[in-house]
A.B. asks: 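Please see the structure below; I have some questions.
Values below: every heavy atom of this structure, side chains too, minus hydrogens, waters and symmetry copies.
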Amino acid sequence: MGSRQPKQLLLAFFGEHVVDDATGPIRASVLITVLEGAGVAAPATRATLDRLVRSGLLVRSRSGRETLFSLTEHGVAVLREATYRVRGPRPFDPQGSGWTLVTFSIPEGQRMLRHRLRSTLTWEGFAPIRDGLWLAPGEVDLAGSLEPLRQDLAPHAVVAFHARELAGFPIGESVRAAWDIEAIRREHLAFIDIWDDPAATTTASSALTVRTMLVADWLALLRADPRLPAEFMDAQWPANRSVETYRRMHRRLAEASSAEFAELVTARPAVSRRSGPAGRPSAPSPTRSAAARPR
């Protein structure tokens, strides 16, 4: 699997701990602490938070000397759209039968919107098969997927169809041209290799950081696997092993990481504390996590 990017880790953190709970704004120091455990330096985390604010996923506020971040309505919609597949029982199975086709037209001047649309389509399993024509297995709930973009898309900017394969016109070659099936297999095997080892719980001193890394890797795997029909796979296809590995590790981390999250978001450094740059209070140390305790 590729290296974990700060954006992936932050979205994993907000998707796991914030989107479904009334936790209130999250202090920047908490986010910096969690990502530092995953090897991301504080300046990279701050820069990524700035980009997420500019993209409309987060909003920034202040409380005294603390900078706080909250999900916007758009950010909540984006993360909730991903939640069903992240937590679903069969995340690598096609949604229904047949194929969904999409074509779209977005003006050259709206590059950010085009990027967001392509990113959404990729998450839903689409890949381009011809210029301007994207294909996904099954019956994709495109209306739900595009809801966060609805107010920015012009009427009829996206046109979609549900189709089935016709006799004499096999779709196999188009599928193999659109998706590198062996590359998808390698993504699954890399995920299993990292997270099937019980020692993975100690890759960071904080259970909360390890859980954030796990979910970030899971999101990357879900994005890489378009949920192709079984006839394109062999008997050794590793998707089921990936699901079992993810759930087992998630259960192992859940109690300690949830307790650690609760401690971090409720702790408030003393006002008189002046240590650190510009008197910025430091976040509580996560080293008490159960992930770091001898087993």
A.B. asks: Kindly indicate whether the side chain of I171, heavy atoms from C-beta on, has any atom under 4.5 Å from the side chain of F232.
C.D. replies: yes

A.B. asks: For W99 and P137, which heavy atoms make the closest approach, and how far apart are they?
C.D. replies: CE3-CA, 3.4 Å

A.B. asks: Rounded at 0.5 Å granularity, tell me how far CZ in F161 sits from OG1 in T100.
C.D. replies: 11.5 Å

A.B. asks: What residues, two or more places apart in sequence or in another chain, satisfy salt bridge (charged side-chain N to carboxylate O under 4.0 Å, His left out) together with R80?
C.D. replies: D20

A.B. asks: Check whether any side-chain N or O of E139 sits under 3.5 Å from a backbone N or O of S97 as a donor-acceptor pair, and report yes or no.
C.D. replies: yes

A.B. asks: Taking R85 first and then D93, would you say they form a salt bridge - that is, a charged N and a carboxylate O separated by under 4.0 Å?
C.D. replies: no

A.B. asks: Do E244 and R241 meet the salt-bridge criterion of a basic N to acidic O distance under 4.0 Å?
C.D. replies: no

A.B. asks: Under 30°, 30 to 60°, or over 60°: which ring-plane class applies to F191 and W218, parallel, tilted or perpendicular?
C.D. replies: tilted

A.B. asks: Could you tell me the separation between the CG atom of L10 and the CG atom of L57, rounded to the nearest 0.5 Å?
C.D. replies: 10.5 Å

A.B. asks: Can you check whether G132's main-chain N or O pairs, donor with acceptor, with T103's side chain at less than 3.5 Å?
C.D. replies: yes

A.B. asks: Tell me which one of T72, L68, L52 satisfies side chain to side chain contact (heavy atoms under 4.5 Å, CB included) with L58.
C.D. replies: L52

A.B. asks: Could you tell me if the side chain of R4 sits less than 4.5 Å from the side chain of M213, heavy atoms only?
C.D. replies: yes

A.B. asks: On a heavy-atom basis, which atom in H74 and which in S55 lie closest, and how many Å separate them?
C.D. replies: CD2-O, 4.2 Å

A.B. asks: Going from CZ on F126 to OG on S145, what distance comes out if it is rounded to the nearest 0.5 angstrom?
C.D. replies: 7.5 Å

A.B. asks: Could you list the residues that satisfy side chain to side chain contact (heavy atoms under 4.5 Å, CB included) with A160, not counting sequence neighbours?
C.D. replies: V102, L142

A.B. asks: So is R248 actually on top of W195's ring, under 6.0 Å and inside 45° of the axis?
C.D. replies: no

A.B. asks: Out of R252, R211, H250, E16, which residue meets the side-chain hydrogen bond (donor to acceptor under 3.5 Å, both in side chains) rule with S257?
C.D. replies: R211

A.B. asks: Which heavy atom of L208 sits nearest a heavy atom of F13, and at what distance?
C.D. replies: CD2-CE1, 4.0 Å

A.B. asks: Tell me, please, which residues at least two apart from R111 pass side chain to side chain contact (heavy atoms under 4.5 Å, CB included).
C.D. replies: E108

A.B. asks: Please report the shortest heavy-atom distance between D225 and H188, naming the atom on each side.
C.D. replies: OD2-NE2, 2.6 Å

A.B. asks: Quick one: do E124 and R227 make a salt bridge, cutoff under 4.0 Å?
C.D. replies: yes

